[in-house]
**Student:** 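Please find one structure pasted underneath; my questions will follow.
Please read all numbers here as calculations on a predicted model, not as lab measurements. Every chain is numbered from 1, with letters handed out A, B, ... down the list of sequences.
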Number of protein chains: 2
Amino acid sequence: MISSPSVEPPDQPAAPLRLPQELVASTAFLLGRLGYACKGRAVEEFEVLGFSPYHYSVLALLSEGERETQATIADALGVDRSQLVGLLDSLEERGMIERRRDPHDRRRHVVSLTAAGKKQLAKFRSLIKRLDEDIVAPLDPESRETLHELLLRIASHHDPRFAAASVGSG
Amino acid sequence: MISSPSVEPPDQPAAPLRLPQELVASTAFLLGRLGYACKGRAVEEFEVLGFSPYHYSVLALLSEGERETQATIADALGVDRSQLVGLLDSLEERGMIERRRDPHDRRRHVVSLTAAGKKQLAKFRSLIKRLDEDIVAPLDPESRETLHELLLRIASHHDPRFAAASVGSG
DNA sequence: TATTGTTATACTCTATAACTATA
DNA sequence: TATAGTTATAGAGTATAACAATA
């Protein structure tokens with residue numbers, strides 16, 4: 001028996017493998033689906049290297065300067081403090097970050113990037129570059145720019161952490 | 001004691017609650033974060049009505065015509081067939097969809113929308129409309145259009161289910 | 001033997017809350 | 001008593017696989 005789904009004459013031209021028009025018409029739906037796919041792709045690719053996208057986020061953050069406490073890292077990245085512990089553990093085990101107890105407040109850990117961490121970060125950056133290019137592949141350079149700008153505007157509107165480093169407004 | 005994080009003079013102008021520049025510069029990262037936030041918002045809002053976004057997806061799909069099998073619904077929406085069972089169960093219990101055994105192949109269920117389902121779908125549509133508008137709030141109408149078009153181009157490039165109903169190419 | 005729908009199981013992710021050591 | 005970091009626990013969500021009915 002043939003497994004073709006349309007043995008009988010197609011009365012209605014309904015394409016079985018098409019999403020409902022009204023879902024595709026929703027920006028929220030598109031963002032949700034695309035975002036999920038992006039995250040999945042990223043997780044897969046980082047997994048190959050034995051890491052997760054969160055590891056990259058931590059290293060990227062630390063590359064902009066060491067942090068006085070773990071809590072500021074967690075808050076900046078929007079992850080739970082307890083979740084960050086495991087991330088830092090694995091990065092520290094591999095010698096990519098360093099935890100130093102703050103002598104003035106021995107509860108705190110000053111976290112900083114090591115040379116090995118910077119090296120790994122470079123690899124992560126080329127991974128992300130490939131991923132970004134793959135995702136926006138069907139767009140020309142100008143459209144890519146436009147898309148990014150629009151996404152950033154929306155993101156920073158809903159979450160101030162996305163706000164671009166404003167010059168001289170502090 | 002004041003909980004302000006900056007008691008000491010700020011040597012470095014590092015803003016603790018800002019995401020790393022290079023992450024914000026990544027379209028994949030923006031998409032991932034925004035998508036996650038969108039999904040979360042949607043789940044919350046549907047939850048108030050006692051539903052999930054998946055319920056809406058199913059009703060929206062069925063509003064375009066009944067389906068000969070549950071599998072085509074699952075495949076079109078990209079959910080697992082076993083996951084769909086529970087969704088259809090809850091919708092059927094509330095009288096919003098109907099399962100009829102196909103007399104020609106008693107393994108199959110023909111699934112269709114009821115009057116109550118159509119009514120609920122209308123409520124879902126106004127919910128989604130509000131959600132969409134809230135998300136793209138900072139954009140003017142033209143930018144919203146542009147954003148949607150760019151997202152749709154990317155989505156359909158990676159997943160043919162997003163492809164707009166092409167006229168006369170069947 | 002293959003397929004449709006269903007149920008059961010396991011696993012990941014995350015959110016919460018308890019715990020320690022310092023203050 | 002409150003805070004920084006840590007550990008443990010529980011819950012939701014999802015993916016996998018086993019199962020019964022039918023072809």
**Student:** Nearest to the A/Thr69 side chain among D/dG5, D/dT14, C/dG5, which nucleotide is it?
**Tutor:** D/dG5

**Student:** Check every atom of C/dG5, C/dA15, C/dT7 against the side chain of B/Asp89 and return the nucleotide holding the closest atom.
**Tutor:** C/dT7

**Student:** C/dT4 base to B/Arg108 side chain: any donor-acceptor pair below 3.5 Å?
**Tutor:** no

**Student:** Base, sugar-phosphate alone, or nothing: which one does B/Arg101 contact when heavy atoms must sit under 4.0 Å apart?
**Tutor:** nothing

**Student:** Hey, is the side chain of B/Tyr36 poking within less than 4.0 Å of OP1 or OP2 on C/dC13, counting only N and O atoms?
**Tutor:** no

**Student:** Determine the minimum heavy-atom distance between B/Arg99 and B/Val85, stating which atoms define it.
**Tutor:** NH2-O, 3.4 Å

**Student:** So that I can tick it off, tell me whether B/Arg18 and A/Glu64 are bridged by a salt bridge, with the cut-off set at under 4.0 angstrom between side-chain N and carboxylate O.
**Tutor:** no

**Student:** Using atom CZ of A/Phe46 as one end and atom C1' of C/dC13 as the other, report the distance to the nearest whole Å.
**Tutor:** 18 Å

**Student:** To the nearest angstrom, how far is A/Arg107 atom CZ from C/dC19 atom C1'?
**Tutor:** 15 Å

**Student:** Could you give the CG-to-C1' distance, from A/Asp80 to D/dT7, as a whole number of Å?
**Tutor:** 13 Å

**Student:** Is the shortest distance from a Lys or Arg side-chain nitrogen in A/Asp75 or A/Arg81 to a carboxylate oxygen in the other one below 4.0 Å?
**Tutor:** yes

**Student:** Please list residues of residues 81-88 of chain B whose heavy atoms come under 4.0 Å from any atom in DNA chain D, ordered by number; otherwise none.
**Tutor:** B/Ser82, B/Gln83

**Student:** Please give, in whole Å, the distance from D/dG13 P to B/Glu47 CD?
**Tutor:** 7 Å

**Student:** Quick one: A/His104 NE2 to D/dA4 P, roughly how many Å, whole number?
**Tutor:** 17 Å

**Student:** Using a 4.5 Å cut-off on heavy atoms from C-beta on, say whether the side chain of B/His55 contacts that of B/Leu87.
**Tutor:** yes

**Student:** Across the strands shown, which category fits A/Asp105 at heavy-atom distances under 4.0 angstrom: base, sugar-phosphate, nothing?
**Tutor:** sugar-phosphate

**Student:** Do B/Thr27 and A/Asp132 have a side chain donor and acceptor closer than 3.5 Å?
**Tutor:** no

**Student:** Decide yes or no, distance alone: a donor-acceptor N/O pair under 3.5 angstrom between the base of D/dT22 and the side-chain of B/Arg106.
**Tutor:** no

**Student:** With respect to the side chain of A/Gln70, which nucleotide from C/dA23, D/dG5, C/dG5 is positioned closest?
**Tutor:** D/dG5

**Student:** To the side chain of B/Arg99, which of C/dA23, C/dT6, C/dT14 is closest?
**Tutor:** C/dT6

**Student:** Just the rounded figure in Å: distance from C1' of C/dT3 to CD of B/Glu68.
**Tutor:** 16 Å

**Student:** Look at the aromatic rings of A/Phe162 and B/Phe29 and report parallel, tilted or perpendicular, splitting at 30° and 60°.
**Tutor:** tilted

**Student:** Is there side-chain contact between A/Arg41 and A/Asp134, with at least one heavy-atom pair below 4.5 Å?
**Tutor:** yes

**Student:** For the side chain of A/His109, counting heavy atoms from C-beta on, which of C/dT4, C/dG5, D/dG5 is nearest?
**Tutor:** D/dG5

